[in-house]
Amino acid sequence: NDNQNVTLSAGVFVSKPSFPIGRGAEIAGDCLEKAKEVILKGKTEGKNQIHIFGRTIKWEDFPFLLEEAKKLAVMVEKEEIPHAFIYRLLEYEASFQSYYRDGLVEGLKYIPLLIYDITRNFAPKTKEAFTWLEELKDINKKKTIYLRFILEYVINQTRRGLNGEL
């Protein structure tokens, strides 16, 4: 669509089946508002975005990030990357975000910790996992910036007893 006046924003909330539907709808509405209002770094306006798993993402970046999330989920399912390591990556992601969003230089401490962790646990055993993880040291890569979305997707997809597809 070439009409600049037409935008598409989405708010997605994922929950357990037993979660109260009214509360879920309210949270999804809050997510939609974030998708419309959040102005991402380097952008001039919100809208035309999706808010999912606590992150707002421009639609043009979403297919790439979803593909990266699916790749990582396969590596976890094949046990090339332990499920517990995904939770460690969440800690590194939080550290990175303190730098990226808040400008705190100490947030970059995740880089040497990540390098040590992946070198010790993945090289040279699983080249694909090692290569995928090693790219996270690049603070300008979209998969680093939106790592939280990728990790939350993987956690939801690999949770035992769930076979949902996003």
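Annotation: side chain to side chain contact (heavy atoms under 4.5 Å, CB included) contacts of Ile139 (sequence neighbours excluded): Phe96, Tyr99, Leu108, Tyr110, Ile111. By the side-chain hydrogen bond (donor to acceptor under 3.5 Å, both in side chains) test, Lys71 is found to be paired with Glu68, residues two or more places apart in sequence or in another chain being considered. Looking at residues two or more places apart in sequence or on another chain, you find a salt bridge (charged side-chain N to carboxylate O under 4.0 Å, His left out) between Lys78 and Glu80. In this structure Phe85 satisfies the ring pair (Phe, Tyr, Trp, His ring centres under 6.0 Å) test together with Phe122, sequence neighbours excluded. Legend: residues meeting ring pair (Phe, Tyr, Trp, His ring centres under 6.0 Å) with Phe64, ordered by chain and number and at least two apart, are absent. In this view, Glu26 and Arg23 satisfy the side chain to side chain contact (heavy atoms under 4.5 Å, CB included) rule, not counting sequence neighbours. Evaluation of the side-chain hydrogen bond (donor to acceptor under 3.5 Å, both in side chains) rule for Glu135 yields Lys143 as partners, not counting sequence neighbours. Considering only residues two or more places apart in sequence or on other chains, Glu106 meets the salt bridge (charged side-chain N to carboxylate O under 4.0 Å, His left out) condition with none of them.
Closest heavy-atom contact between Tyr146 and Thr56: CE2-O, 3.3 Å. When all heavy atoms are compared, the tightest approach of Ile118 to Phe130 is O-CD1, 3.9 Å. Scanning all heavy atoms of the two residues, the minimum distance from Ala10 to Ala35 falls at O-CB, 3.2 Å.
Identified under the salt bridge (Lys or Arg N to Asp or Glu O under 4.0 Å) test for residues 12-22, with sequence neighbours left out: none. Note on residues 85-95: pairs passing side chain to side chain donor-acceptor pair (under 3.5 Å), not counting sequence neighbours, are Arg55-Glu93, Arg88-Asp117, Tyr92-Asp117, Glu93-Gln97.
No single ILVMFWY cluster, assembled from side-chain heavy atoms under 4.5 Å apart, contains both Leu114 and Leu104. At a threshold of 4.5 Å between side-chain heavy atoms, the hydrophobic network of Ile, Leu, Val, Met, Phe, Trp and Tyr places Phe62 and Leu72 in one connected group.
Taking Ile, Leu, Val, Met, Phe, Trp and Tyr as hydrophobic and joining them when side-chain heavy atoms fall under 4.5 Å apart, one finds Val74 isolated, its cluster having no other members. Grouping Ile, Leu, Val, Met, Phe, Trp and Tyr by side-chain contacts under 4.5 Å, direct or through others, puts Ile27 with Phe13, Phe19.
One distance of note links NZ of Lys142 with NZ of Lys58; it measures 10.5 Å at 0.5 Å rounding. Rounding to the nearest 0.5 angstrom, the gap separating the OG1 atom in Thr158 from the CD atom in Glu79 is 11.0 Å.
Counting heavy atoms from C-beta on, the side chains of Glu152 and Leu90 come closer than 4.5 Å. Between Leu136 and Lys141 the shortest side-chain heavy-atom distance does not fall below 4.5 Å. Within the 4.5 Å cutoff, the side chain of Ile150 has no heavy atoms near those of the Leu66 side chain. By the 4.5 Å heavy-atom criterion applied to side chains, Asn121 and Ile81 are not counted as neighbours.
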**Request:** Kindly determine whether Leu32 and Val12 satisfy side-chain contact (heavy atoms from CB on, under 4.5 Å), including the steps that lead there.
**Result:** CA-CA 7 Å; Leu32 177 58; Val12 178; over 6 Å; no

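The main-chain N or O of Leu8 is found under 3.5 Å from a side-chain atom of Trp59 such that the two form a donor-acceptor pair. A donor-acceptor pair under 3.5 Å links the side-chain atoms of Ser9 to the main chain of Asn48, judged by distance alone. Judged purely by atom type and a 3.5 angstrom limit, Asp61 has no side-chain atom pairing as donor or acceptor with the backbone of Ile57. Side chain of Asp138 to backbone of Asn140: a donor-acceptor contact under 3.5 angstrom is found.
By the 30° and 60° cut-offs, the orientation of the rings of Tyr153 relative to Phe53 is perpendicular.
With respect to Lys34 and Glu37, no salt bridge is recorded, no charged nitrogen being found less than 4.0 Å from a carboxylate O.
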